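A short worksheet on the structure shown next.
Note that the structure is predicted; figures quoted are calculated from it, not measured.
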Amino acid sequence: MKPAVADDVAVSARPSSYLIGAVIGAAVLIAFSPVLGLTPLVLVVLLPAAMVAMVYLVRRPHWTVVAMVVCEVANISGVVGARGPISLFRISLLLGLVALGIALFDPVARSRLNRWTLVFIGLVGTFLTTQFVASIGAQDVAAAFSLMTKQGTDFVFIVVVMILIQVTQRRWTVAAAVVIPLATIGVLTLLNQVIFNGAMSFGGFATVTEAKGELVTTLRFGGPLPDSNFWGRHLIMGLPLAGALMVRASRAGRGRAVIGWAAALLGLLVGIYLTQSRGTFIATLVVLTVWTLASGPSAWRVAVRMLPAVVLLLLVPGIGNRLIALVVDVWGSRPSYSIDLSVASRMAAGEVAWTMFDDRPVFGFGPGGFELEVARYSGLVPTAVINPATTAPHNLYAQLASESGVVGLIGWAVLVIGVTGCVAIRVTQLALRSDVVERSLAAAAMAAVVGWSVASIFIHLSYLRTFGILLALAGAIATDIGTQWREPLRECTRTAAQASAAALVGLVVVAGCLTATATRTHTASQRVTVLPTGATEYAYAYALDVRSYDVVLPTYAAMMTSGTPGVAAVADTVRGIVTITATSPDPQAARGSLRLAVERARTNLAMFNVASLYDLRPVGSTIQRDETKHSAAATVSAFAAGAVVAVGAYLLLRRRMRKN
């Protein structure tokens, strides 16, 4: 017997010897890689290691889906892909497909698929169908179908992730896989700001963007992305998931885990602050509010205690003051050349998109059509900027409207509202069972989808797969509804009706406040321009060029209205015109004031000794219109009052429903 034991020990020792030898050989090869070059290192070490890792992953589907999620939320494919020809996304998709195929051989995993799986696939298919229909009549059919093919590949990835989550039942693991990379990168951006002053990108995962913006207090970080706004939209998706993980750890009595997830939540908030993105700030408030309301009474009590902290956060430089500046820029009366350049650019891009939608409202101009038409439409919209923007309208819904019309908007609404509605039914079902922990996760997934949708008011559709991971997680959670869905659906419908009624009451309050504080006036406006006079005959081209300088027309506008109360002159430095506007409660009085203002403008130019250089010329006819104006303070106060009344009405309706 002893020799046999010795043989067994010898046999078992051989793999260890091989492993030790392989490690030593790899270490030697790495040490001499500066001499031998990178090719031997890749062929002998990295490639076999990657093959072993892939074999390991495909045999463990739960780790496969974790790897797919981490690669997307951290944009590893984008960071690494810029340095080599390898597409990590395609590799991860291939691994996911193979792992899913292997997993479905297991009858237990296969039995977890149900009708709700088909519902999710149907929602995805509906959106893709609308994109196909919009592509048929696109301005550039080839480009539209190319973009649609890319979206189709992205949605294949999303469906694979959703089914892997469903068959492995690792929803909490996937939630952690979303939170940890986002929080880690948020901490890296903090280190880059505080210690390195933006000079250390940590391999491209804590990059500083070129965006500036008014009243910013820090560098603007994009994490692993080139734009801080898109990075902020990623970060807000992790907030409710981190909160749900805290709830789970707290209910299980794991104090260290609670501290860890609280630190992750703080890392996400720090990362959000360092984006300095106002759209992200607004979406953060929305996502936390939705998660709190959907998580139940215990979350409500905590939220009430946290309200003073939220108010204090609004006083932090770079948050409250930037939000107020945004309101003033959007709803104020300042000319476009005096507001934040990014706000003016977004306003112009949005106007272009909605003008395109007015021209082709049903099918739009086809996926990707906005970029092709922006140059033609930029001269037709009220807001003018030197660079009309862009490749996209900075608004997901304006983008869908201009590129795929009503058909595309319906398809997107079916997808997002369908997934949100299904997970809302699951939240209601868990509420009826008093399952606080699982309800917090379902509420977090729903809140993340809603928050991403709100953030998309300020930016267009990009990084679809990252948002798709949240759709997949929400869809996988919704598949647990089972057959007992009728009562939760009725309860969810009642809750939706109560919320709608409360929202209607809030809107009535908002409308009443705005009506009470409105100032109704009549305006008459005349567009004018200044052209070189005969005195500049030998330098006419030079005089025209001088007129295009940023300061010239605003200066002329100021001179035109000097000493003329009730009259405003706004310069359009891009189109080279000045709009003189007279305001009065009476239409005839406004028109008369405008005639006097135009004559006074000529007199003023002569008084300032500039009439010999440029002559005032009307452009077009007089424009008259009625206007109802609201101050920024009155608008904010009206919406705040409406929100308070709506919340109170909702709570009152819920209480009365319980009594009945």
Side-chain angles (χ1 to χ4, degrees), residues 50-72 89-126 128 152-178 241 244-245 248 252 415 418-419 421-423 425-430 432-433 435 437-439 441-442 444-446 465 468-489:
M51 295 298 294
V52 170
M54 287 190 289
V55 172
Y56 179 87
L57 286 175
V58 297
R59 297 180 62 185
R60 294 162 179 81
H62 59 285
W63 288 118
T64 302
V65 71
V66 167
M68 296 172 72
V69 169
V70 171
C71 283
E72 286 306 319
F89 160 64
R90 296 188 181 276
I91 292 175
S92 68
L93 177 57
L94 177 61
L95 288 177
L97 290 169
V98 175
L100 180 58
I102 294 174
L104 292 180
F105 278 104
D106 182 2
V108 176
R110 197 165 56 246
S111 66
R112 291 170 179 161
L113 301 177
N114 53 33
R115 69 180 68 176
W116 296 99
T117 312
L118 296 177
V119 169
F120 183 84
I121 296 173
L123 294 174
V124 169
T126 299
L128 288 177
T153 305
D154 291 343
F155 275 112
V156 169
F157 174 88
I158 294 166
V159 170
V160 169
V161 170
M162 181 268 179
I163 297 177
L164 281 173
I165 298 173
Q166 184 181 1
V167 299
T168 58
Q169 297 289 294
R170 297 299 181 97
R171 297 170 179 81
W172 288 100
T173 305
V174 170
V178 172
L241 298 178
L245 289 163
R248 187 187 187 214
L415 172 62
V419 172
C422 290
V423 77
I425 295 173
R426 179 59 178 165
V427 170
T428 305
Q429 188 181 63
L430 293 169
L432 295 175
R433 297 177 185 175
D435 190 334
V437 174
E438 293 297 329
R439 179 183 180 181
L441 179 61
M446 182 176 70
R465 294 193 300 271
I469 288 171
L470 267 296
L471 289 178
L473 179 60
I477 292 171
T479 58
D480 281 345
I481 294 174
T483 58
Q484 305 298 321
W485 55 271
R486 289 181 174 82
E487 180 56 30
L489 177 59

### Query
Between CZ of Phe155 and CG of Leu123, what distance do you get to the nearest 0.5 Å?
10.5 Å
### Heavy-atom closest contact (Val167 atom, Ala103 atom, distance)
CG2-CB, 4.5 Å
#### Entry: Short side-chain to backbone donor-acceptor contact, Arg426 and Ala478, under 3.5 Å
no
### Message
Quick one, Val66 and Trp63 - any side-chain contact, counting heavy atoms below 4.5 Å?
### Response
yes
### Query
Side-chain contact, heavy-atom cut-off 4.5 Å: Leu471 with Val124?
no
### Message
Would the distance check show the side chain of Gln484 and the main-chain N or O of Gln429 forming a donor-acceptor pair, the cut-off being under 3.5 Å?
### Response
no
### Query
What distance do Leu113 atom CG and Leu104 atom CG have between them, rounded to the nearest 0.5 Å?
6.0 Å
### Message
Side chains of Leu241 and Leu441, heavy atoms from C-beta outward: is any pair under 4.5 Å?
### Response
yes
### Task
Report yes if the side chains of Thr479 and Phe120 come closer than 4.5 Å at any heavy-atom pair, otherwise no.
no
#### Entry: Interatomic spacing from CD1 in Ile158 to CG in Leu415 - rounded to 0.5 Å
8.0 Å
### Message
Using side-chain heavy atoms (C-beta onward) and a distance below 4.5 Å, is Leu473 in contact with Ile469?
### Response
no
### Minimum heavy-atom distance Val70-Ala177, with the two atoms named
CG2-O, 3.8 Å
### Side chain proximity check, Pro488 to Ile481, heavy atoms < 4.5 angstrom
no
### Query
Is it true that a side-chain atom of Trp116 and a backbone atom of Gly482 form a donor plus acceptor pair closer than 3.5 Å?
yes
In a table with atom names and distances, give each donor-acceptor pair under 3.5 Å that connects a side chain of residues 90-100 to protein atoms at least two apart or in another chain.
residue: Ser92; atom: OG; partner: Leu88; partner atom: O; Å: 3.3
residue: Ser92; atom: OG; partner: Phe89; partner atom: O; Å: 2.7

### Query
Could you give the distance from CD1 (Ile163) to CZ (Arg112), rounded to the nearest 0.5 Å?
14.0 Å
### Task
Using the test side-chain contact (heavy atoms from CB on, under 4.5 Å), find all partners of Arg110 that sit at least two apart in sequence or belong to another chain.
Pro107
### Task
Please tell me if the side chains of Val160 and Met68 come closer than 4.5 Å, counting only heavy atoms from C-beta onward.
yes
### Query
Can you tell if the side chain of Asp480 reaches within under 4.5 Å of the side chain of Glu438, non-hydrogen atoms only?
no
### Shortest non-hydrogen contact from Ala442 toward Val423
O-CG2, 3.8 Å
### Message
Tell me which pairs pass side chain to side chain donor-acceptor pair (under 3.5 Å) where either residue lies in residues 159-170, with sequence neighbours left out.
### Response
Thr117-Gln166, Gln169-Arg171
